[in-house]
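All values below come from the heavy atoms of this structure, side chains included, with hydrogens, waters and symmetry mates left out.
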Amino acid sequence: MIRHLFKLTWNKKKKHIFLIVELFFFFLATGFIALFLYETGVLKQKRPTFNIENLISIDYRFMYTGDTTFSYLTEELKQIKEINQISIASYIPYSPVTNPRSVTYKKKKTDVAAVNVDDKYLKILGLKLKSGRWIEKKDYHLSTKVAVIDAGTKQKLFPDHEAIGRIINISGIPHQVIGVVENLNDPSVGSNYNQNVFTHDPQGAASVLLKLKTPMNEDIYKKVKQTTDRFMHRDNIMPVSQYKEKHEKEQFIPLLILSLLSGFLVINIILGLFSILYQNINTRRSEIGLRRAAGATSADIYRQIMMEMFLIATLALIPCLIVGYQFMAFNVLNATTGGYICAMVSGSVTIYLLVIICALYPARMASKIHPAEALHDD
Amino acid sequence: MILKQETELELQINNSSMIKLTAIEKVYRTSSIETLALNRVNITINKGEFVSVMGPSGCGKSTLLNIMGLLDEPTSGQIEIDDKIIGNYADKAMAHLRNEKLGFIFQSYHLISDLSVLDNVEIPLLYRKGISGTQRRKKALEALEKVGLSSRTQHFPNQLSGGQRQRVAIARAIIGNPEIILADEPTGNLDSIMGQEIMNIMLRLNAEGTTIVMVTHDEQMANKTQRIIRFFDGRQVN
Amino acid sequence: MLKNYIKIAFKVMMRQKFFTAVSLFGISFTIMIFSILLGLFDFVYGNNAPAVHHDRMIYFEGMSTSKKPDYFSYLIADSSFYNEIRKLKQVQNVSLYRESTLSSFRKDRVVTFNTAYTDAEHWKIYDFTFLEGRPYNQKDVQEKQAYTVISESVKHYYFGDKPALGQYIGEHPKLKVIGVVKDGISIFKAGTEAASIWIASGIYVGYTDMQATILVRSKREIPVVKSALEGIAKRTAIYKSIGGKLTINADTIFEKLDFDEASIFLGGFLFFIMAIPALNMMGLNVGRISERSSEIGIRKAFGASSSALVGQFITENIIITFIGGILGILLTFAASDMLLEVIYYENPETAFAKGNFMLNWKTIGYSMTCILFFGFLSGIIPAWRMSRLHAIKALKGGSL
């Protein structure tokens with residue numbers, strides 16, 4: 001029966017050419033969306049381990065942590081009673097990451113984003129230490145610098161044993177590991193930069209992080225602004241939650257657009273499929289009547305239509321997979337192999353689902369055609 | 001003439017019925033109209049008979065054939081096929097019976113234009129269990145040989161003449177060795193020469209033992225059969 | 001004759017309700033997407049207020065020089081540099097500006113507006129519609145007045161419905177509002193178009209380096225001006241002392257926003273989106289004709305000529321495309337709000353007074369052209385096939 005239906009479908013390929021071309025475009029669109037989702041790791045995100053509640057940042061580009069301005073600024077800010085904690089550090093969650101560095105331990109090497117911190121950073125972000133301790137003021141002036149590494153870095157450099165006490169090289173400079181902290185899991189950081197090491201670097205870039213006792217309001221904003229304006233006119237006092245919002249919007253919008261477009265595609269194809277199938281059944285009434293006369297049950301007819309649709313989808317997938325494979329082989333879109341495979345599988349599965357779901361009702365209609373009427377209709 | 005006598009003799013000896021319709025009624029109901037297509041019809045078709053059914057348009061001949069062919073369920077009455085009473089009109093049972101015992105020939109051939117001649121002929125055996133693809137192929141070739149078309153197995157219906165198409169349809173009808181063939185105006189779309197050819201094939205089949213019921217307009221063709229049933233307004237007349 | 005075609009067209013549409021619905025859906029969405037894309041394209045590149053001379057503008061954003069192996073230095077563009085540029089006869093006007101920001105905290109959010117310190121020439125190059133007050137002029141700049149002109153959205157943020165003239169925004173220093181302008185739509189925000197607060201540059205204290213918007217007298221002379229810029233840059237004292245390879249960052253809007261690869265890719269992707277409803281339409285049209293093949297056969301048998309049938313079919317097609325197109329245009333207007341949210345996601349407050357930016361004659365005009373094009377295209381092939389249909393074959397139930 002399958003061979004018979006295959007011959008029937010193959011002989012009709014010209015009539016189905018529109019549908020096949022539509023499905024081809026749909027495959028490409030779905031594949032592209034799947035690839036995008038895969039590559040941007042949208043689906044793989046873990047929960048952040050830091051707490052940004054009531055966290056405010058003040059960005060001081062072109063200033064370095066060792067600048068005495070910061071100690072004066074900190075003293076002044078402490079006067080504001082609504083401020084709970086103050087930290088001077090280089091990395092604000094949900095902000096662009098800089099400072100890529102290579103870290104080595106003996107023969108092992110890994111790439112990290114280095115973060116310049118002070119002794120308050122751990123508490124202000126609510127990070128959790130897995131072992132050892134955080135950087136303290138006494139460490140600032142040691143001859144051998146100290147560093148805290150995150151769990152991911154530890155896994156790469158010390159998979160089998162303890163890291164505390166070991167000496168690692170950060171861009172060639174030796175640091176002693178004094179603590180291991182949980183991965184930050186910042187959703188706005190790409191997979192290339194999601195490992196961190198924390199050191200105190202007086203020559204490093206700096207931002208001010210403030211933990212407030214309550215959410216920011218106009219009063220607090222005014223006080224902070226007045227204080228900072230005394231040292232340097234800065235226009236970027238920003239609740240970190242707004243950076244988070246911005247990141248989420250930036251992620252959301254392309255997804256929204258893609259979803260709308262693919263929704264549009266799906267609806268169009270469903271309608272197209274439906275109408276083609278509807279026509280199809282109508283013009284094949286005599287064939288259906290004939291088959292029934294020859295001994296087909298209505299279940300046979302139902303199965304036949306479903307099978308034919310499945311075969312058409314398979315037929316349509318041949319050029320799709322060929323083209324998909326070409327994309328992968330020549331890496332046209334600059335993505336990983338896993339991404340391409342995910343894209344092709346998604347495209348194929350959605351096409352099958354789509355075609356089969358659309359065929360259900362017409363197949364039922366076909367199976368209900370009364371043979372006597374169908375044969376004597378003309 | 002000789003043919004007629006022989007079969008008459010056989011009838012007298014066997015006298016077993018192939019199709020027996022008893023008090024068959026068929027009513028078509030729409031929301032506003034009720035049409036009585038068949039009005040208490042009693043017909044017996046004996047084994048090996050070649051019967052013509054004649055009558056004006058709309059008199060119910062096609063409905064009669066539908067009922068006989070188990071393509072439609074009577075509103076009331078009883079059908080017996082090969083001495084078995086049809087008690088269950090369920091789709092599966094009917095389909096099975098049609099597949100085993102019946103072959104159909106239509107005025108407009110009803111061939112599938114996207115399939116080759118061979119693939120068209122195969123169709124009835126697709127719905128019969130226990131036959132392999134090779135066996136199907138073999139039987140299809142045999143059937144086509146019987147109707148004289150073995151040289152055109154890979155052609156498509158639109159490449160054949162009307163007479164050839166009907167021959168393909170006949171081959172399809174006989175591939176499963178049915179005991180009964182129901183033909184609805186088989187020569188209606190053909191000229192006299194092609195019609196004659198088709199008629200000859202059908203006579204040959206009948207001579208080999210197949211029971212044939214043929215609806216026709218053609219008096220000449222009808223006279224070649226053993227019996228003519230005349231139908232008018234849903235009933236047998238005369 | 002045409003009236004007959006139209007009457008028949010409507011009857012047919014009612015008869016084949018399913019096809020009609022499917023077609024209308026596909027057409028309306030396709031037209032919507034086309035319109036939005038064309039509209040956006042026009043906003044990015046076209047000559048729309050306030051940038052009414054978009055095609056004659058060069059955005060000068062800086063210059064630098066580099067020497068092998070790794071020496072790099074920015075070159076300062078100060079007022080003497082620009083005075084040289086003003087002297088060029090192909091240059092109609094030059095406006096100097098510096099970008100900045102202004103943040104405020106209101107209702108638990110920090111809102112940051114982009115600002116620009118500009119000279120008075122700014123108001124001659126751009127054509128703003130003033131809802132209140134006036135622009136600052138050369139005298140205001142020379143007198144170092146702390147004047148500002150704000151957009152309607154900014155006014156609404158700070159002052160709600162109350163009049164803004166004479167009020168103040170900002171702290172260091174306080175800026176006096178002397179004018180309120182209608183919002184403009186700028187999607188890629190070149191030069192001062194990103195700003196919604198303009199400040200008289202007399203009060204600017206800071207770098208001597210400035211950026212500029214150069215208005216050239218005619219489009220043809222843009223390349224001349226660009227090479228002249230190079231010449232002027234090379235004659236500056238600082239370049240003369242360093243030498244090296246000069247890079248000038250001065251482009252027109254077309255050159256600035258040329259995405260190359262990404263746009264080809266995006267264009268390809270969007271083509272697929274268009275192709276699908278177009279294919280649907282063509283397939284459906286073939287289907288529509290097939291269903292009516294016996295009707296066509298009869299008409300032909302009774303003397304209808306091929307051209308009459310084609311004419312009728314194309315009329316039907318254009319009518320259905322037209323109705324779908326109107327729906328598409330309505331959808332575009334409905335979508336324009338959402339579009340604004342997407343474009344201005346960073347600073348939704350600046351989008352407040354943009355209104356329905358898709359609602360203008362240009363967009364409608366583009367849509368209409370799309371509609372006719374689409375209707376003609378999706379109908380022409382099936383119509384041609386239909387005209388070749390043999391009458392008898394059609395009557396006997398033959399297919400296309």
Side-chain angles (χ1 to χ4, degrees), chain A residues 1-17 19-20 276 279-309 311-312 315 363-378, chain B residues 26 28 37 61-63 65-67 69-73 90-116 118-129 131-133 136-137 156 169 172-173 175-176 178 182 184-185 189 215:
Chain A
M1 182 54 116
I2 292 189
R3 249 196 310 173
H4 175 87
L5 291 177
F6 182 77
K7 262 190 266 183
L8 185 59
T9 311
W10 180 257
N11 288 347
K12 286 211 233 179
K13 56 189 182 297
K14 283 209 184 123
K15 286 194 201 154
H16 294 307
I17 196 81
L19 186 63
I20 292 178
I276 289 172
Q279 260 168 265
N280 210 6
I281 307 299
N282 267 343
T283 53
R284 288 170 76 188
R285 287 175 70 88
S286 75
E287 176 191 335
I288 293 172
L290 164 70
R291 288 178 187 268
R292 300 280 255 120
T297 60
S298 56
D300 285 324
I301 301 293
Y302 183 86
R303 274 194 292 263
Q304 176 184 334
I305 304 291
M306 297 299 289
M307 190 77 220
E308 280 181 29
M309 284 297 120
L311 287 173
I312 290 180
L315 200 65
R364 226 173 125 240
M365 264 174 44
S367 73
K368 290 205 152 88
I369 289 180
H370 202 281
E373 289 168 22
L375 290 165
H376 297 283
D377 231 354
D378 45 346
Chain B
K26 179 67 189 175
Y28 287 113
K61 336 190 275 289
S62 294
T63 316
L65 224 55
N66 286 343
I67 300 284
L70 307 175
L71 290 170
D72 206 352
E73 203 182 316
D91 178 49
K92 218 167 158 190
M94 295 289 94
H96 181 70
L97 213 50
R98 282 198 298 267
N99 187 276
E100 296 285 324
K101 300 234 182 248
L102 296 165
F104 293 87
I105 302 170
F106 304 99
Q107 179 177 6
S108 47
Y109 330 122
H110 286 307
L111 297 177
I112 299 177
S113 48
D114 293 302
L115 289 174
S116 68
L118 201 63
D119 290 324
N120 264 292
V121 172
E122 272 188 359
I123 287 178
L125 291 186
L126 289 170
Y127 302 105
R128 191 177 287 189
K129 298 197 170 54
I131 300 200
S132 75
R136 263 203 318 262
R137 183 117 316 194
F156 281 79
R172 179 183 64 194
I175 189 179
L182 301 173
D184 194 345
E185 314 253 17
N189 286 351
V215 164

Are A/Arg284 and B/Ile112 close enough that some pair of their side-chain heavy atoms sits under 4.5 Å apart?
->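 No, side chains not in contact.
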Quick one: are B/Leu71 and A/His370 in side-chain contact, heavy atoms under 4.5 Å?
->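 When only atoms from C-beta onward are counted, A/His370 and B/Leu71 do not touch, as no gap falls below 4.5 Å.
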Short side-chain to backbone donor-acceptor contact, B/His110 and A/Leu375, under 3.5 Å =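 Yes; at least one donor-acceptor contact below 3.5 Å.
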Spell out, as yes or no, whether a donor-acceptor pair under 3.5 Å connects the side chain of B/Arg98 to the backbone of A/Arg292.
->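 Yes; at least one donor-acceptor contact below 3.5 Å.
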Under the side chain to side chain donor-acceptor pair (under 3.5 Å) rule, what do A/Ser298 and B/Asp91 come out as? Steps first, then yes or no, please.
-> CA-CA 7 Å; A/Ser298 56; B/Asp91 178 49; 3.1 Å; yes
Calculate, to the nearest 0.5 Å, the distance between atoms CG and CG belonging to B/Leu115 and A/Asn11 respectively.
->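 Output value for this atom pair is 6.0 Å.
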If you round to the nearest 0.5 Å, how far is OH of B/Tyr127 from CD1 of A/Ile301?
->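 Taking CD1 in A/Ile301 and OH in B/Tyr127, the distance rounds to 5.0 Å.
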Which atoms of B/Arg172 approach chain A - backbone, side chain, both or neither, heavy atom under 4.5 Å =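 Only the side chain of B/Arg172 comes within 4.5 Å of chain A.
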Do you know which two heavy atoms are closest between A/Ala372 and B/Asn66, and how far apart they sit?
->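 The answer is CB-ND2, 3.5 Å.
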Where is the tightest heavy-atom contact between A/Ala294 and B/Ile123, given as atom of each residue plus distance?
->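 Reported closest heavy-atom pair: CB-CG2, 4.4 Å.
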All pairs passing salt bridge (Lys or Arg N to Asp or Glu O under 4.0 Å) where residues 101-116 of chain B contributes a residue, at least two apart |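 Matches after skipping sequence neighbours: A/Lys15-B/Asp114, B/Asp82-B/Lys101, B/Lys101-B/Glu179.
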Derivation and outcome, side-chain contact (heavy atoms from CB on, under 4.5 Å), residues A/Leu290 and B/Phe106 | CA-CA 9 Å; A/Leu290 164 70; B/Phe106 304 99; 4.2 Å; yes
Determine the option with the most heavy-atom pairs under 4.5 angstrom with chain B, choosing from A/Glu287, A/Met1, A/Arg291, A/Lys12.
->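 Winner by heavy-atom pair count: A/Arg291.
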